[in-house]
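One structure is given here, and the rest of the page talks about it.
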Amino acid sequence: MREAGGFTGPIGLLGVPSSAAAHWPGQEKAPQALRSAGLVELLREAGHDVVDHGDRPVARWRPHPQERRPHDLSRILEVLRDVREQIGAVFAADRTPLVIGGECSISIAVVAAALDSGLDPALLYFDGGPDLRTPADNPTGIVDSMTVAHVLDLPGAAAELAALGPRRPLLTPDRIGFFGVTSSPPSDPAATGEDLALGRLASRTVRAAEVAADPVAAALDAATALLTTADRFLVHFDVDVIDFYDLPAANWPEYNKGLTLADAMAALAVLLSHPGCAGLTVTEFNPDHGEPDGSTARTLAAALVTALSGRPS
């Protein structure tokens, strides 16, 4: 594993076209949409050494007649076990993984693969929601809203997901930083059970309004705080942190609550150029919600490349 982090060295790109853990189909189209928008070519034009590992088999959302809580668990486990193996090969080849999803559960496998490789990382969860639901408290059974709950192995988590990696829990709360959260703080009368659960964790939370006030400083502070608990950190980036009116990309839209595309990418650029960064997973882009001419995908692809190159959008 290279001592220097960030995306200054060889990148291992992997597409994970899965909506298996989502609320509905659409996200399985994201890797191909971003490829068609020129993602790989733009990365290489920006000077990146990219090894393209292609896309894994498509796992489109389906209703499962028996597996309800969690929903379609067998399919999700099939996807995550495959991703763990594939990303393990990226780490073994001494490349920094760039994972294009797909839905949020993919990050469980990426953390597991990092641990397999000998890293003991923290996780910067750049997401509009904390994803702390469990099968015990979420009647829908949708795993997309449960990613961090299973990384932490919270009470009520599904054993098969929580035990995906080489240890259980995969991470402790001090090794997860929540960044760009748009949900209510625990003190708000409108706070949900998930908001209260977030407030009980020994994790640092930086809300969207704080990021918007100074994206560069907020990102640098978040990275610095995580590196007091680990030598490296992974970045999970859910495009739902971007206000849907600013860029209609997210699978689960946030209206008048999220960050502008410029602010989100300014923060992301700081995180990805940081020497402590060990990889990026991009999730929740649903091309069906974007412009039919592909312009949303092109805008997102260009913005991601700019951030990966350490520059604000």
Side-chain angles (χ1 to χ4, degrees), residues 1 14 16 18-22 56-57 59 61-62 64 66-92 97 99 101-125 127 129-178 193-194 197-198 200-203 226 229-230 232-236 238 278-279 281 283:
M1 180 63 62
L14 182 73
V16 185
S18 174
S19 56
R56 302 310 298 156
W61 182 93
R62 65 183 183 186
H64 198 289
Q66 287 85 38
E67 295 177 3
R68 297 298 184 92
R69 294 178 69 177
H71 178 251
D72 208 4
L73 179 60
S74 56
R75 169 76 80 80
I76 294 167
L77 289 170
E78 180 182 323
V79 170
L80 297 188
R81 287 166 180 155
D82 177 66
V83 172
R84 178 184 178 185
E85 179 180 354
Q86 298 299 320
I87 295 301
V90 174
F91 279 120
V99 186
E103 25 78 8
C104 288
S105 72
I106 293 164
S107 281
I108 302 173
V110 176
V111 173
L115 292 169
D116 291 337
S117 76
L119 283 178
D120 195 3
L123 175 64
L124 196 289
Y125 209 72
D127 197 309
D131 293 346
L132 292 170
R133 304 297 297 272
T134 72
D137 66 26
N138 184 355
T140 70
I142 301 299
V143 172
D144 217 8
S145 63
M146 304 180 187
T147 300
V148 180
H150 286 91
V151 170
L152 294 173
D153 193 15
L154 295 182
E160 299 91 336
L161 289 169
L164 186 77
R167 71 185 185 199
R168 183 175 176 183
L170 291 170
L171 297 177
T172 52
D174 62 311
R175 289 199 171 199
I176 295 183
F178 296 93
E194 185 179 36
L198 176 59
R200 291 192 292 268
L201 292 177
S203 302
L226 274 184
T229 70
R232 303 286 288 278
F233 63 86
L234 299 165
V235 177
H236 163 107
D238 183 332
T281 303
T283 70

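From a predicted model like this one, the values you see are computed outputs, not experimental measurements. Throughout, residue positions are numbered sequentially from 1 according to the sequence presented.
With hydrogens and angles disregarded, no donor-acceptor distance shorter than 3.5 Å links the side chain of E103 to the backbone of D144. Between the side chain of R68 and the backbone N or O of H71 there is no donor-acceptor pair closer than 3.5 Å. Proximity of a side-chain donor or acceptor of R69 to a complementary backbone N or O of P135 within less than 3.5 Å is detected. Of the possible polar contacts, one joining the S19 side chain to the W61 backbone as a donor-acceptor pair under 3.5 Å is found.
Under the side-chain contact (heavy atoms from CB on, under 4.5 Å) criterion, P169 pairs with D153, sequence neighbours left out. Here F178 pairs with nothing under the ring pair (Phe, Tyr, Trp, His ring centres under 6.0 Å) rule; sequence neighbours left out. Remark: D72 engages R62 in a side chain to side chain donor-acceptor pair (under 3.5 Å) (not counting sequence neighbours).
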Pairs of donor and acceptor atoms involving the side chains of residues 159-166, under 3.5 Å and at least two apart or interchain, shall be tabulated with distances.
none

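Contacts classified as salt bridge (charged side-chain N to carboxylate O under 4.0 Å, His left out) and involving residues 133-143 (residues at least two apart or in different chains) are given here: R133-D137. The ring pair (Phe, Tyr, Trp, His ring centres under 6.0 Å) contacts involving residues 101-125 comprise Y125-H236, where partners must be two or more places apart or lie in separate chains.
Screening T229, L226, L201 for a side chain to side chain contact (heavy atoms under 4.5 Å, CB included) involving D174 leaves a single residue, T229.
Side-chain contact check for L234 versus P121: some heavy-atom pair is nearer than 4.5 Å.
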